[in-house]
Amino acid sequence: MDLEHVINRKMELKRKAEVLKSELMKEVDIHFNEFVNNFIEESTALEASSVTNNCYPGTAEKDGHKVRTLKSAPDHGKIFVSRRSLLDELFEVNHFRTIYHMFIALLILFILSTVVVDCIDKGRLVLEFDLLFYAFGKFSIVFFTWICMFLSTLIVPYVLFSMWAQGYKTSSHRTIRSIFYGSLYLTFQMLGLGFSPAYIVLQHNLPPASRFIVILEQVRLIMKAHSFIRENIPRVLTFSREKSAVAPVPQVTQYLYFLFAPTLIYRDNYPRNPSIRWGYVATKFAQVLGCLFYAYYVFVRLCIPLFRNISQEPFSLRVLVLCIFNSILPGVLILFLAFFAFLHCWLNAFAEMLRFADRMFYKDWWNSTSFANYYRTWNVVVHDWLYYYAYRDFLWFFGRRFKAAAMLSVFMVSAVVHEYALGICFGFFYPVMFILFAGFGMIFNFILHDRRRGPIWNVIMWTSLFLGQGVLLCLYSQEWYAHRHCSLNNPTLLDYLKPRSWTCHVED
């Protein structure tokens with residue numbers, strides 16, 4: 001019996017050692033991959049900074065005049081490499097996967113609480129999703145608008161660029177030709193993609209979620225079209241000084257792939273995976289659907305009861321403070337859901353279907369000890385676009401002495417776009433996001449900079465983020481209820497600009 005006990009004990013210890021070995025190897029693999037990715041990025045940046053492109057003309061020849069001496073262009077930009085998303089790697093470790101299970105358990109509790117309350121209040125099970133049906137209403141208009149936006153983005157920029165590029169080398173009036181086609185392109189960007197979708201959204205009075213789909217797709221396609229033109233113009237300018245007879249115009253299939261690819265930086269080719277894992281795609285779309293219902297229950301159980309009661313009270317400092325702190329929990333949950341649903345699940349699903357191998361859509365923003373690092377790692381897809389086409393192009397045009405002005409311009413562009421999206425989608429002007437982003441966000445970016453290290457700064461970053469989410473959810477929800485239930489008689493322009501939640505409340 002003692003011998004059998006010793007043997008069983010040895011086998012048990014062996015199994016535990018195998019489990020520990022497996023977990024240790026996974027963690028080592030994660031850290032090694034992170035080290036390799038950082039090494040590749042740093043070595044690429046060093047190599048690119050030491051090698052400049054050929055002449056990047058800002059003006060061209062005109063009627064035989066000499067070409068001016070010009071500054072060299074920025075370096076080659078983002079390098080795409082094959083890598084997995086960080087959460088996919090972390091979820092292979094049991095400790096991190098348990099956090100995911102905790103969120104699922106919380107969703108189950110939200111569902112149970114809703115079912116129990118319905119059974120107690122109404123004596124029966126009520127499976128109604130009126131809020132979802134309202135938020136995503138008039139979907140046929142959304143689909144038709146998206147089709148028009150996508151087809152116009154596919155055709156107009158590509159055709160204009162092809163016509164300009166193919167005749168640029170032999171043209172005797174290159175500047176006039178460039179101004180002509182550039183004006184047509186800017187007109188399309190401002191009217192075709194800028195004004196038209198916003199007009200359709202307001203004209204048809206689309207509900208909030210439907211508006212978000214149209215406006216976010218509008219912004220995405222504008223950024224995609226700009227990247228395609230911005231990346232290919234230098235190639236045509238270089239071609240005009242070479243002996244090649246074929247203009248470097250990308251194939252339409254390459255541009256089409258880029259419009260669907262989960263990146264805002266155009267390249268002719270991207271690293272590709274050898275096959276598609278359809279089970280992985282189905283799982284990611286199922287998780288997106290789960291996050292949608294999760295957000296629904298957050299609004300039903302935590303937001304609507306709170307703001308329905310607050311909207312019946314006159315505006316006061318006490319009501320505002322209580323509202324902000326009561327909004328922190330649902331605001332943080334919505335932040336996590338938006339991150340997981342879009343930046344992880346949605347982008348990974350499309351990347352898998354397109355065999356797009358570079359899955360670094362975000363980094364470990366949750367470990368940030370500064371807001372500067374948080375802004376760089378929260379949404380890598382948008383950050384790359386702002387860095388290469390806003391920040392670096394600003395420095396190329398005005399000079400490297402104006403780094404602070406370049407950073408300020410990036411913050412202003414980002415703040416204006418965020419406020420534009422929220423203003424159109426909610427149907428009122430209330431610049432809370434603009435003030436938080438362009439004001440406090442920029443201040444925190446300089447105060448909580450990259451030299452801030454240590455756990456305390458991570459705590460400060462999370463505290464500020466939580467408080468900001470509470471402010472956003474509280475103020476926008478109060479204003480939403482005020483606009484729905486407080487009508488104005490003969491409103492003036494000042495009435496439209498003034499927050500309505502400050503001047504009226506809903507009567508019982």
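All heavy atoms count here, side chains included; hydrogens, waters and symmetry mates do not.
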Chemist: Looking at the rings of Trp346 and Phe285, which for Trp means the six-membered one, are their centres under 6.0 Å apart?
Modeler: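 Yes, the ring centres sit under 6.0 Å apart.
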Chemist: Quick one: do Asp358 and Arg272 make a salt bridge, cutoff under 4.0 Å?
Modeler: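 A salt bridge is absent here (no side-chain N lies under 4.0 Å from a carboxylate O).
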Chemist: Could you list the residues that satisfy side-chain contact (heavy atoms from CB on, under 4.5 Å) with Met412, not counting sequence neighbours?
Modeler: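 With neighbours one apart ignored, the set is Leu408, Phe434, Ala438.
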Chemist: Indicate, with yes or no, if the rings of Phe96 and Tyr100 have centres closer together than 6.0 Å.
Modeler: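 No, they do not, as the ring centres are separated by 6.0 Å or more.
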Chemist: What orientation do Phe466 and Phe336 show, parallel under 30°, tilted 30 to 60°, or perpendicular over 60°?
Modeler: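 Rings of Phe466 and Phe336: perpendicular, over 60°.
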Chemist: State whether Arg84 and Glu92 are salt-bridged, where the test is any N-O pair (Lys NZ or Arg NE/NH1/NH2 against Asp/Glu carboxylate O) under 4.0 Å.
Modeler: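 Yes.
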Chemist: Ring centroid separation for His383 and Tyr375, is it under 6.0 angstrom?
Modeler: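 So the answer is no for these two rings.
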Chemist: Please tabulate, for side-chain N and O atoms in residues 132-144, each donor-acceptor pair with protein atoms closer than 3.5 Å (sequence neighbours left out).
Modeler:
| residue | atom | partner | partner atom | Å |
| --- | --- | --- | --- | --- |
| Lys138 | NZ | His204 | O | 2.7 |
| Lys138 | NZ | Asn205 | O | 3.4 |

Chemist: Can you find a side-chain donor-acceptor pair between Tyr255 and Gln251 that sits under 3.5 Å?
Modeler: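 No donor-acceptor contact under 3.5 Å links the two side chains.
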Chemist: Applying side chain to side chain contact (heavy atoms under 4.5 Å, CB included) between Tyr266 and each of Leu264, Asp268, Thr263, report the one that passes.
Modeler: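 Going through Leu264, Asp268, Thr263 one by one, the side chain to side chain contact (heavy atoms under 4.5 Å, CB included) with Tyr266 is satisfied by Asp268 alone.
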Chemist: Hey, does the side chain of Tyr476 reach the backbone of Met433 with a donor-acceptor pair shorter than 3.5 angstrom?
Modeler: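 Judged by distance alone, yes, a pair lies under 3.5 Å.
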Chemist: Sorted by first residue and then second, give each salt bridge (Lys or Arg N to Asp or Glu O under 4.0 Å) pair with at least one member in residues 279-293; sequence neighbours left out.
Modeler: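 Sorted pair list: Asp88-Lys284.
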Chemist: Ignoring hydrogens and geometry, is there a side-chain-to-backbone donor-acceptor pair from His418 to Ser414 under 3.5 Å?
Modeler: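 Yes, His418 side chain to Ser414 backbone: donor-acceptor pair under 3.5 Å.
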Chemist: Less than 6.0 angstrom separating the ring centers of Phe356 and Phe350, yes or no?
Modeler: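 No, the ring of Phe356 stays outside the 6.0 Å limit from the ring of Phe350, centre to centre.
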Chemist: Please list, chain by chain and in numerical order, all residues satisfying salt bridge (Lys or Arg N to Asp or Glu O under 4.0 Å) with Arg277, sequence neighbours excluded.
Modeler: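 Expected list: Glu352.
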Chemist: Taking the side chain from Thr377 and the backbone from Asp364, do they hold a donor-acceptor pair closer than 3.5 Å?
Modeler: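 Checked: no pair found.
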Chemist: Got a sec, which residues hit salt bridge (Lys or Arg N to Asp or Glu O under 4.0 Å) with Glu217, two or more places apart in sequence or on another chain?
Modeler: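 For Glu217 the salt bridge (Lys or Arg N to Asp or Glu O under 4.0 Å) partners, ignoring immediate neighbours, are Arg220.
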Chemist: Verify the neighbour count for atom CZ of Phe91: are there more than 12 heavy atoms of other residues, nucleotides or ligands below 6.0 Å?
Modeler: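 Yes, because the 6.0 Å sphere around CZ of Phe91 holds more than 12 heavy atoms from other groups.
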Chemist: Under 6.0 Å between ring centres, would you say that holds for Phe394 and Phe402?
Modeler: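 Between Phe394 and Phe402, the centre distance exceeds or equals 6.0 Å.
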Chemist: Applying ring pair (Phe, Tyr, Trp, His ring centres under 6.0 Å), can you list everything that pairs with Phe150, at least two apart in sequence or on another chain?
Modeler: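 Result, ring pair (Phe, Tyr, Trp, His ring centres under 6.0 Å) vs Phe150: Trp146, Phe260.
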Chemist: May I ask you to establish whether Lys78 and Tyr388 are in a cation-pi arrangement, using a distance under 6.0 Å from NZ or CZ to the six-membered ring centre and at most 45° from the ring axis?
Modeler: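 No - Lys78 does not lie over the ring of Tyr388 by the 6.0 Å and 45° rule.
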Chemist: In this structure, is the centre-to-centre distance between the rings of Phe339 and Trp365 below 6.0 Å?
Modeler: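 Under 6.0 Å, so yes.
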